[in-house]
Asks: 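I'd like to ask you about the structure that follows.
Numbers here are sequence positions counted from 1. Values below: every heavy atom of this structure, side chains too, minus hydrogens, waters and symmetry copies. No experiment lies behind these values; they were computed from the predicted model shown.
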Amino acid sequence: QVQLVESGGGLVQAGGSLRLSCTASGLTNSRYVMAWFRQAPGKEREFVAAIWRNSNTFYSDSVKGRFTISRNNAKTTLYLQMDSLKLEDTAVYYCAFDSGIILSSIRVAHQYDYWGQGTQVTVSS
């Protein structure tokens, strides 16, 4: 079965940078769409960024220009480079994979079948 494991979270000062990684195992095809979501206490899980099968990337307005999503050539590891971090970026960050998702649903959390356990990112002043 597909298993995703996030790493790289931690405590960072506002304005700093952090890189998250998501390593996948058990992938059965090369058509997975890969995404990052985040969830702060008391808030809904929100879309952060995604990379499509053709490598096109998508970002939420709140992170566009600051975060960069990428993956390795084998499409087994997903990354999120986070620069110019703000206090409001504090959340648990989750990676999500799905092989059957359609483009119009790319920002919808419940459309993804596979999720990592999450990694905490805390931005301090």
Side-chain angles (χ1 to χ4, degrees):
Q1 189 63 272
V2 174
Q3 185 173 9
L4 308 177
V5 180
E6 299 100 334
S7 62
L11 177 64
V12 63
Q13 290 188 340
S17 297
L18 207 61
R19 187 184 69 178
L20 306 183
S21 298
C22 172
T23 300
S25 61
L27 300 181
T28 59
N29 62 72
S30 62
R31 292 184 52 79
Y32 289 93
V33 175
M34 307 173 186
W36 290 97
F37 290 80
R38 66 187 182 187
Q39 188 166 25
K43 296 184 178 180
E44 294 184 356
R45 190 166 299 187
E46 69 170 343
F47 174 79
V48 176
I51 185 164
W52 194 248
R53 301 178 183 102
N54 61 1
S55 297
N56 282 355
T57 56
F58 304 83
Y59 298 92
S60 68
D61 290 342
S62 62
V63 308
K64 192 172 185 178
R66 300 188 298 120
F67 291 9
T68 303
I69 188 170
S70 63
R71 60 191 173 195
N72 67 347
N73 290 335
K75 299 181 179 180
T76 54
T77 303
L78 180 69
Y79 303 97
L80 185 68
Q81 177 66 45
M82 304 185 293
D83 298 321
S84 302
L85 283 161
K86 303 176 180 179
L87 293 178
E88 53 263 42
D89 294 320
T90 295
V92 177
Y93 284 71
Y94 300 89
C95 61
F97 283 30
D98 197 272
S99 62
I101 197 167
I102 60 175
L103 184 60
S104 62
S105 297
I106 195 169
R107 298 171 180 262
V108 182
H110 73 259
Q111 293 294 329
Y112 290 81
D113 287 338
Y114 304 106
W115 292 83
Q117 82 288 350
T119 186
Q120 177 71 49
V121 172
T122 302
V123 183
S124 68
S125 61

Asks: For a quick test of reading the model, state the closest non-hydrogen atom pair linking Trp52 to Ile101 and the distance between them.
Replies: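 That would be CH2-O, 3.4 Å.
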Asks: Applying salt bridge (charged side-chain N to carboxylate O under 4.0 Å, His left out), which residue pairs with at least one partner in residues 48-69 are found, sequence neighbours left out?
Replies: Arg66-Asp89
Asks: Has Gln120 got more than 12 heavy atoms of other residues, nucleotides or ligands less than 6.0 Å from its CD?
Replies: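 Result for CD/Gln120: enclosed.
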Asks: Applying side-chain hydrogen bond (donor to acceptor under 3.5 Å, both in side chains), name anything that partners Ser7, two or more places apart in sequence or on another chain.
Replies: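 Partners of Ser7 by the side-chain hydrogen bond (donor to acceptor under 3.5 Å, both in side chains) criterion come out as none, since no residue qualifies.
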Asks: Is it true that Leu85 and Leu87 fall in one hydrophobic cluster, defined by side-chain heavy atoms closer than 4.5 Å?
Replies: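 Same cluster.
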Asks: Output the distance between atom SG (Cys22) and atom CG (Leu4), rounded to the nearest 0.5 Å.
Replies: 4.5 Å
Asks: Picking from Arg45, Glu46, Glu44, what satisfies side chain to side chain contact (heavy atoms under 4.5 Å, CB included) with Gln39?
Replies: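 Option passing the side chain to side chain contact (heavy atoms under 4.5 Å, CB included) with Gln39: Arg45.
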Asks: Please answer: with hydrophobic residues joined when any side-chain heavy atoms are less than 4.5 Å apart, are Val33 and Ile69 in the same cluster?
Replies: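 Hydrophobic grouping puts Val33 apart from Ile69.
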Asks: Applying side-chain hydrogen bond (donor to acceptor under 3.5 Å, both in side chains), name anything that partners Ser55, two or more places apart in sequence or on another chain.
Replies: Arg71
Asks: With salt bridge (charged side-chain N to carboxylate O under 4.0 Å, His left out) as the rule and sequence neighbours excluded, what pairs involving residues 115-125 come up?
Replies: none
Asks: Per the ring-ring contact (aromatic ring centres under 6.0 Å, His included) rule, what does the pair list look like for residues 58-89, sequence neighbours excluded?
Replies: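 ring-ring contact (aromatic ring centres under 6.0 Å, His included) check on residues 58-89 returns no pairs.
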Asks: Has Thr90 got a side-chain atom pairing as donor or acceptor with Val123's backbone, closer than 3.5 angstrom?
Replies: yes
Asks: Name all residues meeting the side-chain hydrogen bond (donor to acceptor under 3.5 Å, both in side chains) criterion together with Tyr114; count only those two or more places apart in sequence or in a different chain, and write none if there are none.
Replies: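 Partners of Tyr114 by the side-chain hydrogen bond (donor to acceptor under 3.5 Å, both in side chains) criterion, ordered by chain and then number, come out as Gln1.
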Asks: Would you check if the side chain of Glu6 reaches a backbone N or O of Gln117 as a donor-acceptor pair within less than 3.5 Å?
Replies: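 Checking the backbone N and O of Gln117 against the side chain of Glu6, a donor-acceptor pair under 3.5 Å is found.
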Asks: Would you give the length of the straight line joining atom CE of Met34 to atom OG of Ser70, rounded to the nearest 0.5 angstrom?
Replies: 11.0 Å
Asks: Indicate if Val92 and Val121 have the same hydrophobic cluster label, given that clusters are the connected sets of ILVMFWY residues with side-chain heavy-atom separations under 4.5 angstrom.
Replies: no
Asks: Report whether Val5 and Val2 are members of the same hydrophobic cluster (ILVMFWY, side-chain heavy atoms less than 4.5 Å apart, transitive linking).
Replies: no
Asks: Please list all pairs meeting side chain to side chain donor-acceptor pair (under 3.5 Å) that have one or both residues in residues 10-33, counting only residues at least two apart or in different chains.
Replies: Ser17-Asp83, Thr28-Tyr32
Asks: Does Ser124 have any side-chain hydrogen bond (donor to acceptor under 3.5 Å, both in side chains) partners at least two apart in sequence or in another chain, and if so, which?
Replies: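 None.
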Asks: Suppose we screen for ring pair (Phe, Tyr, Trp, His ring centres under 6.0 Å). Which residues come up paired with Phe37, at least two apart in sequence or across chains?
Replies: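 Partners of Phe37 by the ring pair (Phe, Tyr, Trp, His ring centres under 6.0 Å) criterion, ordered by chain and then number, come out as Phe47, Tyr112, Trp115.
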Asks: So, taking the atom named CE in Met82 and the one named CG in Leu18, what distance separates them when rounded to the nearest 0.5 Å?
Replies: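 Atom-to-atom, Met82:CE and Leu18:CG are 4.5 Å apart.
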Asks: At what distance, to the nearest 0.5 angstrom, does CG of Leu20 lie from CG of Leu80?
Replies: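 If I round to the nearest 0.5 Å, the distance is 5.0 Å.
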Asks: Any side chain to side chain donor-acceptor pair (under 3.5 Å) pairs touching residues 93-109, not counting sequence neighbours?
Replies: Arg38-Tyr93
Asks: Could you walk me through whether Asn56 and Ile51 pass side-chain contact (heavy atoms from CB on, under 4.5 Å), step by step?
Replies: CA-CA 6 Å; Asn56 282 355; Ile51 185 164; over 6 Å; no
Asks: By the rule that ILVMFWY residues connect when side-chain heavy atoms come within less than 4.5 angstrom, directly or transitively, which residues belong alongside Ile102?
Replies: none
Asks: Going by the salt bridge (charged side-chain N to carboxylate O under 4.0 Å, His left out) test, which pairs reach into residues 112-123, not counting sequence neighbours?
Replies: none
